[in-house]
Amino acid sequence: MACTVFTIANQKGGVGKTTTAVNLAAAFAECKIHTLVVDLDPQVNATSALGVEKQEGKSLYGVLHGEGTASEMLTPTEWPHLAIIPSEVDLAAIEIELAQQENCLLKLRSVLEPVRQSDSYRAIIIDCPPALGMLSMNSLAAADQLLIALQCEYMALEGLGQILKVVDRLKNASVSPSLEIGGIVMTMFDSRTNLSRQVVDEVKRHLPEKIFSTVIPRAVRLSEAPSFGKPIFAYDNSSPGAAAYRSLAKEVIARFNLIDKATTNETPAPAPVA
């Protein structure tokens, strides 16, 4: 089956973007879907959240400058079926350096293409910085599907409109004509407040076909897990956050046909014991 490239983006920080990238990837891996996380955020959060040590020269910094290949940066994680291309602080400099290169918005697509064509992965998940800069724009140009992590607050709705406009511009400029809005993930949902429910209802009203049914709760255990270098399934496998991300993964798998129907009912591999 072909590889699907997802980018998880939002120009606003603190919306659960990296949490979604890491735990969605881990949930795919539980279902035996070979998955690669590409950490493009110089803050290195996805890398550390998967328990991978920071290693100088293992990010895509050099590759984006024509030094080495993305395949050489592939790094295994503790979890079967899940690998990562780590990030490092040096990626922060690429924002300026890429802008000086020809076809600057297509660099990431170019360096990831051999990995994509290798048939080693069914899903590639790109985690972006919390800004619509050069790295995020490259991730949009490299992706088939954009998953938007949207916090359940009204200010987030303004950000949603902005990122939808950016996608339209990229498509109209033929930078990424095949990019689609794969779905909207509502994060940090607080069932105790009317505001959370109102924001979800508003998004459903405007984009009913794009919003996922699963909402990700505001949960302490989800916030704690990255500091231990673990996805939520390894940190607290029975928590509401773990249940939510498994449910979201099922929706994404079904929406994009990531595995054969014959295997979707397989029991997921158990999370590693801490």
Side-chain angles (χ1 to χ4, degrees), residues 4-25 27-28 123 125-133 136-137 139-141 143-173 175-220 222-223 232 239-258 264:
T4 301
V5 180
F6 300 92
T7 195
I8 300 183
N10 192 317
Q11 67 272 32
K12 187 175 183 295
V15 300
K17 176 179 56 62
T18 298
T19 298
T20 296
V22 166
N23 289 304
L24 187 60
F28 285 174
I125 297 178
I126 306 172
D127 184 39
C128 301
L132 290 177
S136 291
M137 298 294 273
S139 76
L140 292 171
D144 303 304
Q145 304 291 340
L146 167 62
L147 302 181
I148 302 172
L150 197 66
Q151 190 176 1
C152 291
E153 63 174 34
Y154 271 116
M155 292 297 291
L157 295 175
E158 294 183 9
L160 175 60
Q162 292 171 8
I163 198 167
L164 293 178
K165 288 178 182 178
V166 169
V167 171
D168 285 341
R169 288 176 189 146
L170 289 174
K171 290 170 70 74
N172 292 336
V175 172
S176 187
S178 62
L179 177 64
E180 300 293 340
I181 306 297
I184 300 170
V185 183
M186 303 304 299
T187 64
M188 300 184 181
F189 180 84
D190 189 341
S191 60
R192 299 168 299 177
T193 68
N194 289 328
L195 177 60
S196 284
R197 289 189 290 271
Q198 289 168 356
V199 172
V200 171
D201 290 343
E202 189 74 6
V203 176
K204 283 181 179 178
R205 188 165 67 89
H206 286 94
L207 296 164
E209 296 179 357
K210 296 300 182 182
I211 188 171
F212 289 104
S213 297
T214 302
V215 294
I216 307 302
R218 184 183 293 276
V220 172
L222 279 175
S223 301
I232 188 61
S239 66
Y245 274 111
R246 280 199 179 96
S247 175
L248 176 64
K250 287 181 180 178
E251 285 195 74
V252 177
I253 288 167
R255 184 173 293 190
F256 302 106
N257 192 28
L258 295 185
T264 52

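For the numbers below, each heavy atom of this structure counts, side chains included, while hydrogens, waters and symmetry mates do not. Remember, it's a predicted structure, so these values are computed and weren't measured experimentally.
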In Å, rounded to the nearest 0.5 Å, how long is the span from [atom1] of [X] to [atom2] of [Y]?
| X | Y | atom1 | atom2 | answer |
| --- | --- | --- | --- | --- |
| Ile232 | Leu222 | CD1 | CG | 4.5 Å |
| Leu207 | Leu150 | CG | CG | 10.0 Å |
| Phe189 | Glu153 | CZ | CD | 14.0 Å |

Sidechain-backbone polar pair: [X] side chain, [Y] backbone, donor-acceptor under 3.5 Å:
| X | Y | value |
| --- | --- | --- |
| Arg255 | Gly182 | yes |
| Thr7 | Leu146 | no |
| Lys17 | Cys128 | yes |
| Asp127 | Ala21 | no |
| Thr193 | Asp190 | yes |

In the structure I gave you, are the side-chain heavy atoms of [X] and [Y] within less than 4.5 Å of one another anywhere?
| X | Y | result |
| --- | --- | --- |
| Val252 | Phe212 | yes |
| Ile148 | Ile8 | no |
| Ile184 | Met186 | yes |
| Leu24 | Leu147 | yes |
| Ile181 | Gln145 | no |
| Val5 | Ile126 | yes |

Would you name the heavy atoms of [X] and [Y] that are closest together and state the gap between them?
| X | Y | value |
| --- | --- | --- |
| Ala143 | Ser176 | O-OG, 4.2 Å |
| Ser136 | Ala131 | OG-O, 2.6 Å |
| Ala249 | Ala27 | CB-CB, 3.4 Å |
| Cys152 | Val200 | SG-CG2, 3.9 Å |

Checklist line | Between Thr214 and Tyr245, a side-chain donor and acceptor under 3.5 Å | finding: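 There is no such pair between these side chains.
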Margin query: Which residue in the set Glu202, Lys204, Lys210 passes side-chain contact (heavy atoms from CB on, under 4.5 Å) when paired with His206?
Written below: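 Exactly one pass, corresponding to Glu202.
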Check: With respect to Thr187, which candidate in Thr19, Leu248, Thr20 satisfies the side-chain contact (heavy atoms from CB on, under 4.5 Å) definition?
Finding: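 Among Thr19, Leu248, Thr20, the one meeting side-chain contact (heavy atoms from CB on, under 4.5 Å) with Thr187 is Thr20.
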Next item on the list: Just do the side chain to side chain donor-acceptor pair (under 3.5 Å) check on Asn194 and Arg197 with the steps written out, would you?
Entry: CA-CA 5 Å; Asn194 289 328; Arg197 289 189 290 271; 2.7 Å; yes
Notebook entry, point to check: Parallel, tilted or perpendicular: which fits the ring planes of Phe28 and Phe6, with parallel below 30° and perpendicular above 60°?
Noted result: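 The rings of Phe28 and Phe6 sit tilted, inter-plane angle from 30° to 60°.
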Item checked: Residues that Lys171 engages under salt bridge (charged side-chain N to carboxylate O under 4.0 Å, His left out), provided they are two or more places apart ->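 So Lys171 forms a salt bridge (charged side-chain N to carboxylate O under 4.0 Å, His left out) with Glu180.
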